[in-house]
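The structure under discussion appears below in the form of structure tokens.
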Amino acid sequence: MSSVETILSQIPGDSLTGLRQADRLWQSLRANTTPIPLVIETTAEPLGNADWDVVVAGGTLGIFIAAALVQQGWRVAVIERGMLRGRDQEWNISRPELNALAELQLLTTGEIERAIGTEYNPVRIQFHGGKPFWVRDVLNIGVAPTILLETLKIRFLAAGGKLLEKTPFARAIIHPDGVTVATTTTNIAPGAAGGAGGAAAYASHQDGGSGPTLKTRLFIDAMGHFSPIVRQARQGQKPDGVCLVVGTCAQGFPNNDTGDLMVSITPVQNQCQYFWEAFPARDGRTTYLFTYADTHPERPSLEALFADYFRLLPEYQNVTLDQLEFRRALFGFFPSYRQSPLRSPWDRLIFVGDSSALQSPLSFGGFGALLRHLPRLSTGINEALEKDLLSQRPLAQLMPYQPNISVTWLFQRTMSVGMKQKIDPDGINNLLSGVFDCMEQLGEPVIKPFLQDKVQFGGLFQTLMLMSVQRPELGLKIMPQVGLFPLVDWMQHGFNLGVYSLLDRFASVVAPSVAHLSPSGQYYFHRWLEGWKYGSGGDGTDKI
């Protein structure tokens, strides 16, 4: 048996089966053989009276927007493929981002505190051959999803919401005045319990017979990256980038109360630059190996990546494998698209969470990306429901272009290597060391927004200027690696980032004029203001 088979077969939950299920999906994505489902249809026949204002498919992240909407008085139902409980592994986030749940009055401060399993500081950033950089209060809170979701579920049900567990989405028919959502029943299969990514979770259930049918004014898809609705909307489009992730939670490590946000210990190998993350957890210490790549057919499998993880883990954590007691295995792949966020091609349907592709191509999406947009989405969807602006065009305003996210595509490109590309094996490490050295000199107001998917024009401009003075050779080395088109594309998004920053600064001047607009005009104006704020990295962060 290989090291991967030996170790994973000893972990409860049949993680090896789940890993191989995820690998089959990863293989189909690389081979471009993933089937395109037909689950959304349209009809000119009116629906008539709807039983619900909102139906949300996908409970793990969908329960957050559902709870926000039911609190505002809407009739909301959630359908969940399995049982709504979350995974055992903590979600990592910072406290200000987590406090959004209290600000929206979804949970009390005490309920949030009970869900926090770990808290640590600082977190390290270091690249092979370079010095460490230390940052405080970034992804330093470990939240127990089981506790958080159970508390939120109780609140949601008490407010009048409806939760249908073990009830997968089957198909939907969009009428001029509503949506008919058909479901099935399911049996939870024994695989993929340890999977970290939606790929494993999506393959871990077996559909059974027909379930209830729900009639709603608005349908929200929160089923994640591998939602059948997303696959139909994208019509076989291959991701422009993928983040592959494997890891474990284990006991037996030397005592360490700090975290690693992004660390590399090797040069490029197997046409991949490997990065590591590590966090204290309630059950030990969680360590991840991740890499940015494309969907080339020759890219490694997740199982092969796991073999490298176990080979390099002793060097990374200064420990031998036989010292460790592995409690959980974590794995997944996270696609990202330049054409993001995903705007629904249908009326009365909107994407939320990972389905929407609102996250940065540098991040894994999920909980943090959802919480960032939750205040904006709950406000916008509430206004769309109040004013009955539920056709494709007004709902598209809830998925705004964000130049501060689009500029990060170049960063993702500089951290990945083409399968046939030849570059300096330490080139990526040297570049990242130089970039973070400049950001460290400029201070936390520059470095923290970058690490929290809130890139700002001021910080980006200052970093580029300092690099051009101190490390001009790094910019020259980037050009042949990334190519001309990505550079030109990046400059366009960088310019737009500056424009959005200016518009956001002057938003308070033009905001009073909204009172003179029609109800629909007010809706569009509010979405523009939010787009400028979020698109310039101004949400919850002081501008520089």
I229 backbone acceptor or donor facing D221 side chain under 3.5 Å: no
Side-chain contact test, heavy atoms from C-beta onward, threshold under 4.5 Å: evaluate it for R231 versus P35 and give yes or no. yes
Kindly check if the number of other-residue, nucleotide or ligand heavy atoms within 6.0 Å of CD (Q339) is above 12? no
Looking only at heavy atoms, what is the nearest atom pair of C249 and G284, with distance? SG-N, 4.3 Å
Cationic N near anionic O, under 4.0 Å, R114 to E150: no
S416 side chain to R413 main-chain N or O, any donor-acceptor pair under 3.5 Å? yes
Verdict with supporting geometry, M399 and L342, side chain to side chain contact (heavy atoms under 4.5 Å, CB included): CA-CA 7 Å; M399 297 289 111; L342 178 60; over 6 Å; no
Walk me through it: do I7 and T248 pass the test side chain to side chain contact (heavy atoms under 4.5 Å, CB included)? CA-CA 10 Å; I7 295 173; T248 63; 5.7 Å; no
Just by distance, with hydrogens left out, do Q27 and R30 show a side-chain donor and acceptor under 3.5 Å apart? yes
With a 3.5 Å distance limit and no angle check, can you tell me whether E80 reaches the backbone of G59 through a side-chain donor-acceptor pair? yes
Can you confirm if the aromatic rings of F290 and F334 lie within a centre distance of less than 6.0 Å? no
Please find the pair of heavy atoms, one from A233 and one from F351, that lie closest to each other, and give the distance. CB-CZ, 4.3 Å
Hey, does L374 have a side-chain heavy atom less than 4.5 Å from the side chain of L101? yes
Let me see the working for F450 and F411 under ring pair (Phe, Tyr, Trp, His ring centres under 6.0 Å), right down to the final yes or no. CA-CA 11 Å; F450 176 81; F411 307 149; 5.5 Å; yes
Would you find more than 12 non-hydrogen atoms of other residues, nucleotides or ligands less than 6.0 Å from R376 atom CZ? yes
Spacing of CD1 belonging to I141 relative to CD1 belonging to I93, to within rounding of 0.5 Å: 9.5 Å
How many angstroms lie between atom CG of L98 and atom CD1 of I112, to the nearest 0.5 angstrom? 5.0 Å
For E165, is there an ion pair with K153 - N to carboxylate O distance below 4.0 angstrom? yes
May I ask you to decide whether R95 forms a salt bridge with D137, counting only side-chain N to carboxylate O separations under 4.0 Å? no
Run the side chain to side chain contact (heavy atoms under 4.5 Å, CB included) test against A369 and tell me which residues pass, sequence neighbours left out. Q359
E97 side chain to R372 main-chain N or O, any donor-acceptor pair under 3.5 Å? no
N/O donor-acceptor pair under 3.5 Å between Y534 side chain and D539 backbone: no
Quick one: does L25's side chain get under 4.5 Å of L29's, heavy atoms only? no
State, with a plain yes or no, whether a side-chain heavy atom of K454 is found less than 4.5 Å away from one of K448. no
Mind telling me whether W91 and F64 have parallel, tilted or perpendicular rings, with 30° and 60° as the class edges? tilted
Contact check, side chains of T34 and F226, non-hydrogen atoms, under 4.5 Å: no
Closer than 4.0 angstrom, basic N to acidic O: yes or no for E5 and R20? yes
Chi angles and distances behind the side chain to side chain contact (heavy atoms under 4.5 Å, CB included) call for V76, F156: CA-CA 9 Å; V76 184; F156 171 70; 4.0 Å; yes
Where do Y120 and N140 come nearest, in terms of heavy atoms and distance? O-CB, 2.8 Å
When you look at T258 and R124, which way does the side chain to side chain contact (heavy atoms under 4.5 Å, CB included) test go after all the steps? CA-CA 8 Å; T258 67; R124 177 177 61 141; 5.9 Å; no
Residues in side chain to side chain donor-acceptor pair (under 3.5 Å) contact with N430, at least two apart in sequence or another chain: none
So how far is it from L358 CG to D354 CG, rounded to the nearest 0.5 Å? 9.5 Å
Should the pair D308-R311 be classified as a salt bridge under the 4.0 Å nitrogen-to-oxygen rule? yes
Less than 6.0 Å separating the ring centroids of Y337 and H225? no
CZ on F275 to OG1 on T291, rounded to 0.5 Å: 7.0 Å
Can you tell me how far apart OH (Y288) and CG (N92) are? Round to the nearest 0.5 Å. 6.5 Å
Which atom names give the shortest non-hydrogen contact between Q412 and G241, and what distance separates them? NE2-CA, 3.7 Å
For the residue pair F326 and Q10, establish whether any side-chain heavy-atom pair is separated by less than 4.5 Å. no
Is R338 salt-bridged to D489, going by a charged N under 4.0 Å from an acidic O? yes
Search all heavy atoms of L377 against all heavy atoms of L398 and return the closest pair with its distance. CD2-O, 3.9 Å
Might you work through the salt bridge (charged side-chain N to carboxylate O under 4.0 Å, His left out) test for D283 and R328, ending with a clear yes or no? CA-CA 9 Å; D283 297 331; R328 289 188 294 275; 2.7 Å; yes
Kindly compute the distance separating OG1 (T60) from CG (L84), expressed to the nearest 0.5 Å. 6.0 Å
Which heavy atom in S433 sits nearest to a heavy atom in F133, and how many Å separate them? O-CZ, 3.7 Å
Is it true that a side-chain atom of Q273 and a backbone atom of T266 form a donor plus acceptor pair closer than 3.5 Å? yes
Under the side chain to side chain contact (heavy atoms under 4.5 Å, CB included) test against I79, which residue among L163, V56, T184, V181 passes? V181
For the residue pair T286 and Q89, confirm or rule out a side-chain donor-acceptor distance under 3.5 Å. yes
Mind telling me whether F331 and F306 have parallel, tilted or perpendicular rings, with 30° and 60° as the class edges? perpendicular
Side-chain donor or acceptor of E325 paired with backbone N/O of G252 under 3.5 Å: no
Do Y316 and Y309 have side chains that get closer than 4.5 Å, going by heavy atoms? no
For Q232, is there any backbone N or O sitting under 3.5 Å from a side-chain donor or acceptor partner on Q235? yes
Give a yes or no answer on whether the side chain of Q402 reaches the backbone of S406 with a donor-acceptor pair at less than 3.5 Å. no
Mark yes or no for whether R343, through its side chain, and A396, through its backbone, hold a donor-acceptor pair below 3.5 Å. yes
Flag the pair E277 / L261 as yes when at least one side-chain heavy-atom distance between them is below 4.5 Å, and no otherwise. yes
